[in-house]
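Okay, structure first, notes after.
Values below: every heavy atom of this structure, side chains too, minus hydrogens, waters and symmetry copies. Whatever order the structure lists ligands and atoms in, that order sets their numbers, starting from 1.
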Amino acid sequence: GLRRDLMPRHVAVIMDGNGRWAKQRGGAASMGHEAGARSLMEIVRLSGYWGIKVLTVFAFSCDNWTRPKVEVDFLLSLFERTLKAEMDKFVREGVRISVIGDSSRLPESLQKLINEVEETTKNYSKLHLLVAVSYSGKYDVVKACKNIARRVKDGVIEPEDINESLIEQELETNCSEFPSPDLLIRTSGELRISNFLLWQLAYTELFFAEELWPDFGKDGLVEAITSYQQRQRRYGRRVL
Ligand SMILES: CC(C)CCOP(=O)(O)OP(=O)(O)O
Ligand SMILES: [Mg+2]
């Protein structure tokens, strides 16, 4: 069984497979995304119950903007509906919500809702849920570089002051108590990072699940965490 003392503090998830799940059932992608939202709420519930402190989920990447407008509009409205529908539960359970990504591209109504949800839940500490929307790892690093270059240009810092910690403070995961994921789970059998967190995944354990995201639940999460708990993390050292 799972060992609570070996629970990963920060789990990151690339939720993939909604489209294939819908196709298997003769439905449109929207049917898969609806099922995927239910899957996410189950994983949030289990993460909080098992004492995981941070859960970062890839909900919509910068590259997803190239999908058909009908699917993009559906996904954005699904985010809004889900945030509204689940808000009471987040408040009751003490789940802090942060949305990372280029929010300037989101509809005004969704930006407003995100600000309200982040403000309402900012002091909760049961579980910190980071939802990556209009996000990519390269977007995050480029933005950090711009901010740092501006500070050097303004004379606030010198190039010599730039180090790993200073960069991490500029990444959007800086809001998290544990910014580096211990475990990354990707569903649907795809074996790639797809421009998710990049800097932060430097020493993250990777787990690839066959299940399509809507089919990923307690059994899948137990399998992923059990695999994680059996691994020896060396961080490049020689361990005798
Ligand atoms: C937006 C994101 C959560 C969607 C993940 O599923 P997907 O639409 O990429 O599904 P497929 O890879 O099966 O098409
Ligand atoms: Mg996909």
Worksheet item: For Lys84 and Glu80, what are the C-alpha separation, side-chain angles and deciding distance, and is it a salt bridge (charged side-chain N to carboxylate O under 4.0 Å, His left out)?
Response: CA-CA 6 Å; Lys84 285 175 182 160; Glu80 197 155 339; 3.5 Å; yes
Worksheet item: Would Glu116 and Lys112 count as a salt bridge (charged side-chain N to carboxylate O under 4.0 Å, His left out) if you check the C-alpha gap in whole Å, the side-chain angles of each, and the deciding distance to 0.1 Å?
Response: CA-CA 6 Å; Glu116 288 163 8; Lys112 186 171 174 296; 2.7 Å; yes
Worksheet entry | Arg81 and Glu34: CA distance, side-chain angles, deciding distance, salt bridge (charged side-chain N to carboxylate O under 4.0 Å, His left out) verdict | CA-CA 11 Å; Arg81 270 191 291 122; Glu34 290 273 10; 3.1 Å; yes
Worksheet item: Is there a donor-acceptor pair under 3.5 Å between the side chain of Gln111 and the backbone N or O of Leu106?
Response: yes
Discussion item. Any atom of ligand 1 sitting under 4.0 Å from a heavy atom of Glu190?
Written reply: no
Worksheet item: At a 4.0 Å threshold, what atoms of ligand 1 neighbour a non-hydrogen atom of His33?
Response: 4 (C), 8 (O)
Worksheet item: Applying a strict 4.0 Å limit to heavy atoms, is Ala29 in contact with ligand 1?
Response: no
Worksheet item: Can you hop from Trp50 to Val57 via hydrophobic side chains spaced under 4.5 Å?
Response: yes
Worksheet item: Are Lys122 and Glu118 close enough for a salt bridge, meaning some N to O gap below 4.0 Å?
Response: no
Fill in: Atoms of ligand 1 close to Ala59 [distance to a heavy atom under 4.0 angstrom, numbered from 1]
1 (C), 2 (C), 3 (C)
Discussion item. Taking only non-hydrogen atoms of Gly17, do any sit less than 4.0 angstrom from ligand 1?
Written reply: yes
Worksheet entry | Lys53 side chain vs Lys126 backbone, donor-acceptor pair below 3.5 Å | yes
Worksheet, complete the sentence: Which of Arg231, Glu223, Gln230 passes side-chain hydrogen bond (donor to acceptor under 3.5 Å, both in side chains) with Ser227? It is Arg231
Item to complete: Run through the side-chain heavy atoms of Ile, Leu, Val, Met, Phe, Trp and Tyr, join any pair under 4.5 Å, and report what else lands in Leu201's cluster.
Response: Ile14, Val54, Phe58, Ile100, Leu130, Tyr135, Tyr139, Phe178, Leu184, Leu191, Ile193, Phe196, Leu197, Leu198, Leu206, Phe208
Item to complete: Give yes if a backbone or side-chain nitrogen or oxygen of Arg20 is under 3.5 Å from a nitrogen or oxygen of ligand 1, and no if not.
Response: yes
Worksheet item: Quick check: does Gly19 get an N/O under 3.5 Å from an N/O on ligand 1?
Response: yes
Discussion item. Pairing donors with acceptors under 3.5 angstrom, does anything connect the side chains of His128 and Ser98?
Written reply: yes
Worksheet item: Are any of the heavy atoms in Arg67 under 4.0 Å away from ligand 1?
Response: yes
Worksheet item: Taking atom types as modelled, is there a side-chain donor on Arg20 or Ser188 under 3.5 Å from an acceptor on the other?
Response: yes
Worksheet item: Ignoring water, what protein N, O or S atoms are under 2.8 Å from the Mg ion (ligand 2)?
Response: Asp16 OD1
Response to the item:
protein heavy-atom neighbour closest to atom 7 (P) of ligand 1 works out as Asp16 OD1, 3.6 Å
Practice prompt. Could you check atom 5 (C) of ligand 1 against the protein and tell me its nearest heavy-atom contact, residue, atom and distance included?
Written response: Met15 O, 3.1 Å
